[in-house]
Amino acid sequence: MSTDTVEPAATTEMVKMNGMQAINAALMEAMEADPKVLVLGEDVADREGGGVIGVTRGLSTKFGDLRVRSTPIAEQAIIGAAIGAAMGGYKPVAEIMLMNFTTVAMDMIVNHAAKLRFMSGGQSQVPLVIRTLTGAGNQTAGQHADFYEAWFCHTAGIKVVIPWTPADFKGLYLSAIQDPDPVMIIESGKTLFVPMDTPVNQGPIPLGKAQVVQEGSDVTIVSYGQMMFTVMQAVAELAEAGISAEVINLRTISPWDKEAVLASAEKTGRLLIVHEAGKNFGPGAEIAATVQEALFGKLKAPVGRLGAPYCAVPFAKKLEDAYLVQPPAVVAEAKKLCAQG
Amino acid sequence: MSTDTVEPAATTEMVKMNGMQAINAALMEAMEADPKVLVLGEDVADREGGGVIGVTRGLSTKFGDLRVRSTPIAEQAIIGAAIGAAMGGYKPVAEIMLMNFTTVAMDMIVNHAAKLRFMSGGQSQVPLVIRTLTGAGNQTAGQHADFYEAWFCHTAGIKVVIPWTPADFKGLYLSAIQDPDPVMIIESGKTLFVPMDTPVNQGPIPLGKAQVVQEGSDVTIVSYGQMMFTVMQAVAELAEAGISAEVINLRTISPWDKEAVLASAEKTGRLLIVHEAGKNFGPGAEIAATVQEALFGKLKAPVGRLGAPYCAVPFAKKLEDAYLVQPPAVVAEAKKLCAQG
Amino acid sequence: MTETLTNRASPDAATQLDIYRRMLRIERNDEFTRAQIRQGRITAPYYSARGQEAIPSSISVLLNDDDKICTIYRGIHDMVAKDMPLRPLWAEISGRVDGTCKGKGGPMHLTHPETGVMVTTGIVGSSMPIANGFGWAALLDGSKQVTVAYFGDGASNIGAFHEALNLASVWKLPVIFVCQNNGFAEHTRYENGTSVDFIAKRAIGYGMPGYTVDGNDPLDVYAHAHAAIERARAGEGPTLLECKTFRFMGHVFGDADAYMDPAEKEAAKEFDPMPRFRQKLIDDGIATEAQLEELKAKIEAEVKDAIEFAQSCEYPSDDELRRDVFAEEIPA
Amino acid sequence: MTETLTNRASPDAATQLDIYRRMLRIERNDEFTRAQIRQGRITAPYYSARGQEAIPSSISVLLNDDDKICTIYRGIHDMVAKDMPLRPLWAEISGRVDGTCKGKGGPMHLTHPETGVMVTTGIVGSSMPIANGFGWAALLDGSKQVTVAYFGDGASNIGAFHEALNLASVWKLPVIFVCQNNGFAEHTRYENGTSVDFIAKRAIGYGMPGYTVDGNDPLDVYAHAHAAIERARAGEGPTLLECKTFRFMGHVFGDADAYMDPAEKEAAKEFDPMPRFRQKLIDDGIATEAQLEELKAKIEAEVKDAIEFAQSCEYPSDDELRRDVFAEEIPA
Ligand SMILES: Cc1ncc(C[n+]2csc(CCOP(=O)(O)OP(=O)(O)O)c2C)c(N)n1
Ligand SMILES: Cc1ncc(C[n+]2csc(CCOP(=O)(O)OP(=O)(O)O)c2C)c(N)n1
Ligand SMILES: [Mg+2]
Ligand SMILES: [Mg+2]
């Protein structure tokens, strides 16, 4: 499905795995290679089942209970401990079980993790990875499925990554863990569960670089996380309708790959951004605002954005389906753009 | 200085007051008129001096210690108590001393205050006002001066207001207190301290409506809060250079007055947004993204944005000055736009 | 251990029967809920409170309709104990527009103000700070209303617990903090996340009474809840009740309990409040076997009626996404 | 009251003198800082710790350079007690590029890793969760390092305190939680924000030792800090020390103390640790008046040198806004 034009695959030998397995493999590899890598979070150790859905399974057994620590339910304490350990020379991977629970750790993330290097004039560094999971689709309703990546993109000093494929997970985790600065990795709903072909020896994928998944000529579609599945469905339909879409898997939302997006939008003359986060003041706004400025007069249509409506995530399946951007909406919006210019 | 084309002044009798006095007057008036209005926050009662800078002075003496309550340092408890009291039929005005401290109350604000009406299918309402203060300019450095309005604008279910003049404060507070939904009012640095002519009987100013402060023909400048002072200085300089700027004081950032901004931008053909919040993924991005779409092909120049650079607020005065958008930057950007089209 | 109550109130026979009625209504409702999910008839994350029935039942007999509760994702038992009607409850967890929240909230965010079910939160610890606000409102109203904040043992380790209990004590709020200590926070055993042997001891740090209670014994819960509610209504302030119990169905529906020693669950069965209290009522001559069977039949009929009702209801229209965000509908 | 220490360590004469040296360095530095601000020579929000000198001084004599502290906006005394050099400190609060944080952090965010000054936070309560991380790192390193988390009495009411103390206890971290209880949180008196008579009692809720200490008495602070540090180095876990003291200069520079009864401040002067401990050293023959005057002169010279140094330094270039955001400079 994917023609990766950004970096060559590390190997041609492929294996089917899902996102959870890829994260687990990345953590295993990183912890083995570097004794400074740590893992902490609620239920992450094997005594507690290696994570509520098993992503960290096997780590504490292999690397010991001091490097892989289950925590009380106390997200401020989790991120605080990770910050201190990071400043103390370690590379902690801290889990906040769901993204909505970052709300109780915002001080630690925003006022401390993201700022300590700057406020200390470079004396401190906080090489911390925050893992968190979110996404609608399982009727978990208003407090368990929000995408707040826009908040963290707006916060100077922390990088924001949202992988799509298992290869993304493996490669982006490997890079994030070795990055000298805080990185938040948002695991997006079904990206954890869908098995996909993955290079056996997938190595690091650079942060800040987007992946051109498919080249096209009529419209550029930028997306990330589980919305990529939606986009790929839509793109197949668009192809049948004779519309050639270039698809970009953004991977890192902040700092985002302006070069890749601008190059593609300039080429196709049309850009559509699709994300699960709310459209209003959402991450797509920054991309649209940047592109309209950089390519003023060169676009055939205004930059389009699709995102969640302005409301909490609803419970009823019917409403949840209406809440999420679905393939027909992507198709319709892309066609609308292609009808212009 | 201002030609208010949005609503007529409530009276022509004017008095000089500053923002603090205007808020105090609004609270006095609202509490007198409606016994359901409450005030809570750290040090807000007169025993504690009526607020660390005295904004709530006199209220507890007049309305009693049960309606005006100083709290422990516990922002989750403050917003939690305000939510419960609001659902219990009251109209609390909760103070979070500085905007950076909203980070410890994000769960209460985002997962609860903003969502309870929706999640309860309309059974609950949370008529709550959150007051908070922020803004660079006093060398309070990295953890005391951030503008995070973009976070709350991105959060469905809470309105975000940033007043500029004392009249704004009086009028917007009166409206916010009577609004049936949560409203965050961000008090922006020197807007509290600069005395300005204010209608003696300033009544409510509607939320969601912008104010056209000055009409112009070459470029529209949208701003709010203390950045309005910067913009007004720049506009005077632009006038000398023969550039006629239309100035919009946005007042409510979410939901923002699309109609007013689009009408003005369509008229002048050029739009510049100026805010103190970080430019990257900032509030201006949403406005720019919306306008480029609505006015595609009708603008003479791309939508311009000015905001803080991507870093924490620095301490040294010299760096703080470089961090803040200054009048020359506004002038330069406006001229750049006016050189196009 | 923690504080000992001196003046123990005892429920009379009728009250004991009322407690049991509430327990059975919880237990039957839970059974039917799990069955419906198992059969794929409803799709919803479900946190069974099987085993914890005695706690809210013994408290709710002491509450009026206008007394309030703030509860959590594992809270349907608290609502049912508060006599929330089952039809809007089932319609809600079935995602129907006649649900108490029009299908927008679902099982983790059920509310029903008429019976005092004010807030159900999915965020650990967040029931407590909000409960304080209802307590403040009661003081302002000059009413004698009390508010119960339910939460789990794991929640006693999060910041919101601390802030809420401190504020409630300083403000002398009429709030009862009820920790349903089922020994686990998701997969983590009590002692691996909690630094004190009895959560009730934390009350010392807030200058309020704290009691560790046998949460499987309705009489023990009743006695302590009675004292706490009296204290709250008298304007003397909050109380922390730690009710020790067990959750028999794991954390969430589908949880295989792999982190738990099966012997532990076996051992806990001996203290399962349902058969024990039933037997006690019979032994004490408070009810006959036949009467209890009749009660069960009545309750099951109520649950079945609610399920049928729910299935007959419409799904919400997509316009609902624009409603209840604000009081005023968001324009399309 | 709270727990009583049985085995009290006493500082020898040299150590007492070292404690006093640190106290005097704090006191002199504070005096000069306030003078410079008053004269408009530096512009910075300043939270004087005048009155609290004994606490970090009596603790720091027990610490090594590689032991760490995490402190707060009112924390320059903690840094000076830890023997942080004054030149980079003054350059920092003067906003110069040779400041320890290149002028980017200022007085509320000073750090100096070489002397173990790791974090200074402006957010109430936030020193504690981060201190735990250094404690965890020490366990991983297999070192005997300890970390001291300083905070105020008001901070003991915020969620981060609770989460941090619970985690530290469950993980048996080598962290000392030192509450400098000066009786006020901004304008709020202790008892109007705090629900317990002694903050040290909260340690009961975390299964750790908690002591209420006379924070104006270096010997009392020393004895308790000694026990806490020993315990931490022995791998037995954290301790909560509540050190009762007074802040003589109000909350922030410019604060007129209107919320405070002037008689209260007057009464507190009797317990001002500076003259008291000085007199004690003389009375006990540990130092002569002349020696102490000499010490004072030496310290004042050091402070003056630091001030002059700071004034000779350059301001940071605007490019600094693009540096230290990430390890890699942000492109212009
Ligand atoms: C702030 C926050 N962190 C984590 C979670 C995920 N979570 C849901 S329930 C739960 C365990 C709670 O345990 P306890 O308080 O004992 O309640 P119980 O489920 O046993 O009734 C956790 C960690 C959450 N909902 N909120
Ligand atoms: C989370 C948060 N809320 C509020 C404030 C504002 N504030 C700064 S200092 C202070 C008082 C702190 O009192 P205490 O902990 O006793 O320390 P002290 O200042 O007395 O040393 C407050 C409320 C803050 N910095 N952080
Ligand atoms: Mg539990
Ligand atoms: Mg204090």
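Throughout, protein chains are lettered first and strands after them, A, B, ... in sequence-line order, and every chain is numbered starting at 1.
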K.L.:
Answer yes when C:Asp197 and C:Lys201 have at least one side-chain N-carboxylate O distance shorter than 4.0 Å, and no when they do not.
P.N.:
yes
K.L.:
For chain C, which candidate among A:Gly49, A:Pro314, A:Ala316 shows the most heavy-atom pairs at distances under 4.5 Å?
P.N.:
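With the most close heavy-atom pairs to chain C, the winner is A:Ala316.
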K.L.:
Flag the pair C:Phe184 / C:Tyr259 as yes when their ring centroid distance falls below 6.0 Å, and as no otherwise.
P.N.:
yes
K.L.:
Do you know which two heavy atoms are closest between A:Thr134 and A:Ala145, and how far apart they sit?
P.N.:
OG1-C, 3.0 Å
K.L.:
Looking at A:Arg57 and A:Asp46, is any side-chain nitrogen of the basic one under 4.0 Å from a carboxylate oxygen of the acidic one?
P.N.:
no
K.L.:
Can you confirm whether or not the ring centre of C:Phe161 sits under 6.0 Å from the ring centre of C:Phe151?
P.N.:
yes
K.L.:
Under 30°, 30 to 60°, or over 60°: which ring-plane class applies to A:Phe101 and A:His144, parallel, tilted or perpendicular?
P.N.:
perpendicular
K.L.:
For A:Leu133 and A:Gly189, work out which heavy atoms get closest and say how close.
P.N.:
CD1-N, 4.0 Å
K.L.:
Taking non-hydrogen atoms and a cut-off under 4.5 angstrom, which of residues 312-332 of chain C neighbour chain A?
P.N.:
C:Tyr315, C:Pro316, C:Ser317, C:Asp318, C:Glu320, C:Leu321, C:Val325, C:Phe326, C:Ile330
K.L.:
Select all residues of residues 32-49 of chain C having any heavy atom within less than 4.5 Å of some heavy atom of chain A, and report them by number, or 'none'.
P.N.:
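The list, in residue order, reads C:Thr43, C:Ala44, C:Pro45.
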K.L.:
Any side-chain donor-acceptor pair under 3.5 Å between A:Gln143 and A:Asn100?
P.N.:
no
K.L.:
Check whether the side chains of C:Gln52 and C:Asp78 place a donor and an acceptor atom closer than 3.5 Å, and report yes or no.
P.N.:
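No, no side-chain donor-acceptor pair sits under 3.5 Å.
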K.L.:
If you count heavy-atom pairs under 4.5 Å between each of C:Met260, C:Arg189, C:His109 and chain A, which one has the most?
P.N.:
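That would be C:His109.
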K.L.:
Mind listing the closest non-hydrogen atom pair of A:Met99 and A:Glu149 along with its distance?
P.N.:
CE-N, 3.8 Å
K.L.:
Heavy atoms only, distances under 4.5 angstrom: which of A:Glu75, A:Arg47, A:Glu42, A:Gln76 has the most pairs with chain C? Name it, please.
P.N.:
A:Arg47
K.L.:
Using heavy-atom distances under 4.5 Å, tell me whether A:Lys317 contacts chain C through its side chain, its backbone, both, or neither.
P.N.:
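Contact with chain C: none, neither part.
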K.L.:
Can you tell me if A:Asp43 and A:Ser70 form a side-chain donor-acceptor pair at under 3.5 Å?
P.N.:
no
K.L.:
Testing the basics here: between A:Pro92 and A:Ala85, what is the closest heavy-atom pair and its distance to 0.1 Å?
P.N.:
CG-CB, 4.1 Å
K.L.:
By a 4.5 Å heavy-atom criterion (distance strictly below it), what part of C:Thr121 contacts chain A: side chain, backbone, both, or neither?
P.N.:
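Contact with chain A is through both the backbone and side chain of C:Thr121.
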